[in-house]
**Q** 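I am attaching a structure below and will ask some questions about it afterwards.
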Amino acid sequence: MPIKFTKQRQMVFEVVKEANGHVTAEKVYNTLKSRGHHVGVATVYRNLNLLYDEHLINRILHPDVGYLYDVNLSPHYHFHCEMCNQIEDVTDIYQPAMDKMVEDRLHRKVFRHMTTFYGVCESCAQKEKAEDQAV
């Protein structure tokens, strides 16, 4: 049965859609608050989790700030820059065959997989290179 889109749930969903990337629950809460909406932080968390459970938004665990939410539901990976702490989508290398490989190996049903790559983004690498050259 589809979930009911209450006014608060719709507002939370709209903030995630407008974010154009990954957003924390705190950011959703602060955005709603700045727009004059009276919604509690627990309500924001509850609605984000419900939207995720209903496959209407995506959720990724950030090692420092907790969960990030976005509306990109297509299968994709993530890249976490360990210098600037940003997470970005990596959309063009997703390997759906990994689901079948794990199913065959573990004899379990796999619905999807998530992978995060850790390293240094291009912007931070350029800054680091420029700093090294300046020394």
Side-chain angles (χ1 to χ4, degrees):
M1 175 160 51
I3 63 168
K4 181 179 177 186
F5 255 78
T6 63
K7 181 179 177 184
Q8 291 174 331
R9 190 164 300 137
Q10 183 65 40
M11 289 186 308
V12 168
F13 185 61
E14 288 300 320
V15 171
V16 176
K17 282 186 358 184
E18 293 166 4
N20 198 20
H22 303 96
V23 64
T24 64
E26 291 82 12
K27 175 71 174 168
V28 172
Y29 170 75
N30 289 331
T31 300
L32 291 172
K33 189 175 172 183
S34 73
R35 293 178 181 174
H37 299 294
H38 301 286
V39 60
V41 70
T43 300
V44 170
Y45 275 100
R46 186 172 44 256
N47 280 290
L48 286 169
N49 287 326
L50 182 61
L51 291 166
Y52 171 74
D53 290 343
E54 293 294 322
H55 307 288
L56 296 170
I57 62 174
N58 195 13
R59 180 173 73 187
I60 174 91
L61 184 59
H62 187 285
D64 296 329
V65 299
Y67 284 117
L68 299 174
Y69 302 88
D70 74 16
V71 293
N72 183 354
L73 297 176
S74 65
H76 64 282
Y77 299 130
H78 293 93
F79 181 86
H80 176 235
C81 177
E82 293 187 335
M83 290 185 72
C84 67
N85 221 14
Q86 294 296 310
I87 289 187
E88 63 184 87
D89 290 342
V90 180
T91 58
D92 56 348
I93 62 169
Y94 189 79
Q95 298 293 316
M98 286 181 62
D99 293 345
K100 177 75 170 123
M101 184 175 67
V102 172
E103 278 185 355
D104 292 346
R105 172 98 163 100
L106 299 179
H107 308 290
R108 291 170 175 83
K109 180 67 181 156
V110 174
F111 300 112
R112 65 189 165 281
H113 68 276
M114 298 185 337
T115 299
T116 301
F117 301 96
Y118 297 86
V120 178
C121 70
E122 185 177 351
S123 176
C124 288
Q126 288 176 356
K127 287 178 193 172
E128 193 173 55
K129 184 178 178 181
E131 289 172 4
D132 288 347
Q133 290 175 347
V135 174

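As the structure is a prediction and not an experimental result, all values here were calculated from the model.
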**Q** For His80, give me all partners under ring pair (Phe, Tyr, Trp, His ring centres under 6.0 Å), at least two apart in sequence or on another chain.
**A** His62, Tyr118

**Q** Do the ring planes of His113 and Tyr77 sit parallel (below 30°), tilted (30 to 60°) or perpendicular (above 60°)?
**A**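 Rings of His113 and Tyr77: tilted, as their planes differ by 30° to 60°.
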
**Q** Indicate, with yes or no, if Val110 and Met114 share a hydrophobic cluster defined by side-chain heavy-atom contacts under 4.5 Å among Ile, Leu, Val, Met, Phe, Trp and Tyr.
**A**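 In one cluster with Met114: Val110, no.
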
**Q** Which is it for Cys84 and Ser123 under the side chain to side chain contact (heavy atoms under 4.5 Å, CB included) test, yes or no, and what are the steps along the way?
**A** CA-CA 9 Å; Cys84 67; Ser123 176; over 6 Å; no

**Q** How close do Lys27 and Val23 get, heavy atom to heavy atom, and via which atoms?
**A**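 Taking every non-hydrogen atom into account, CG-CG2, 3.2 Å.
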
**Q** When rounded to the nearest 0.5 angstrom, what is the spacing between CZ in Phe79 and CD1 in Ile93?
**A** 10.5 Å

**Q** Report the distance from atom CE of Met11 to atom OG1 of Thr31, rounding to the nearest 0.5 Å.
**A**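 If we round to the nearest 0.5 Å, Met11:CE and Thr31:OG1 are 12.0 Å apart.
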
**Q** Hydrophobic cluster membership, with links at side-chain heavy-atom distances under 4.5 Å among I/L/V/M/F/W/Y: are Val41 and Val16 in one?
**A** yes

**Q** Nearest 0.5 angstrom please: Cys121 SG to Glu88 CD, how far?
**A** 7.0 Å

**Q** Check whether any side-chain heavy atom of Val90 lies under 4.5 Å from a side-chain heavy atom of His78, and answer yes or no.
**A** no

**Q** Are the side chains of Arg35 and Val15 in contact, using a 4.5 Å heavy-atom criterion?
**A**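 Counting from C-beta outward, Val15 and Arg35 do come under 4.5 Å.
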
**Q** Is any side-chain heavy atom of Tyr45 closer than 4.5 Å to a side-chain heavy atom of Glu26?
**A**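 With C-beta onward as the side chain, the pair touches.
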
**Q** Can you measure from OH (Tyr67) to CD1 (Ile57) and round to the nearest 0.5 angstrom?
**A** 12.0 Å

**Q** To the closest 0.5 Å, what do you measure between CD (Gln8) and CG (Asn47)?
**A** 6.5 Å

**Q** Can a donor-acceptor pair be found between the side chains of His22 and Asn72 at a distance below 3.5 Å?
**A**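 On atom types as modelled, these side chains do not qualify, holding no pair under 3.5 Å.
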
**Q** With a 4.5 Å cut-off on side-chain heavy atoms, are Leu68 and Ile87 touching?
**A** yes

**Q** Ring centroids only, cut at 6.0 angstrom: are Phe5 and Phe13 within range, meaning strictly under it?
**A** yes

**Q** How far apart are the closest heavy atoms of Val120 and Cys81, and which atoms are they?
**A** CA-SG, 3.9 Å

**Q** Determine whether Val12 and Leu51 satisfy the following criterion, side chain to side chain contact (heavy atoms under 4.5 Å, CB included), listing intermediate values before the conclusion.
**A** CA-CA 9 Å; Val12 168; Leu51 291 166; 4.1 Å; yes

**Q** Work out which heavy atom in Asn49 is nearest to a heavy atom in Tyr69; give both atom names and the distance.
**A**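 That closest heavy-atom pairing would be OD1-OH, 3.5 Å.
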
**Q** Is there a donor-acceptor pair under 3.5 Å between the side chain of Arg112 and the backbone N or O of Pro75?
**A** no

**Q** Under 4.5 Å between side-chain heavy atoms, hopping through other hydrophobics if needed: is there a path connecting Tyr94 to Phe117?
**A**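 In one cluster with Tyr94: Phe117, yes.
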
**Q** Taking C-beta and beyond as the side chain, do Asn58 and His76 meet within less than 4.5 Å on heavy atoms?
**A**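 When only atoms from C-beta onward are counted, His76 and Asn58 do touch, with a gap below 4.5 Å.
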
**Q** Is Glu122 atom CD crowded by more than 12 heavy atoms from other residues, nucleotides or ligands, each under 6.0 Å away?
**A** no

**Q** Working to the nearest 0.5 angstrom, can you tell me the gap between Lys17 NZ and Leu56 CG?
**A**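 Separation between the atoms: 10.5 Å.
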
**Q** In this structure, would Val71 and Leu73 fall into the same cluster of hydrophobic residues linked by side-chain contacts under 4.5 Å?
**A** no

**Q** Can you confirm whether Asp104 is buried at CG, in the sense that more than 12 heavy atoms of other residues, nucleotides or ligands lie under 6.0 Å from that atom?
**A**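 Counting neighbours around CG of Asp104, more than 12 heavy atoms of other residues, nucleotides or ligands fall under 6.0 Å, so yes.
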
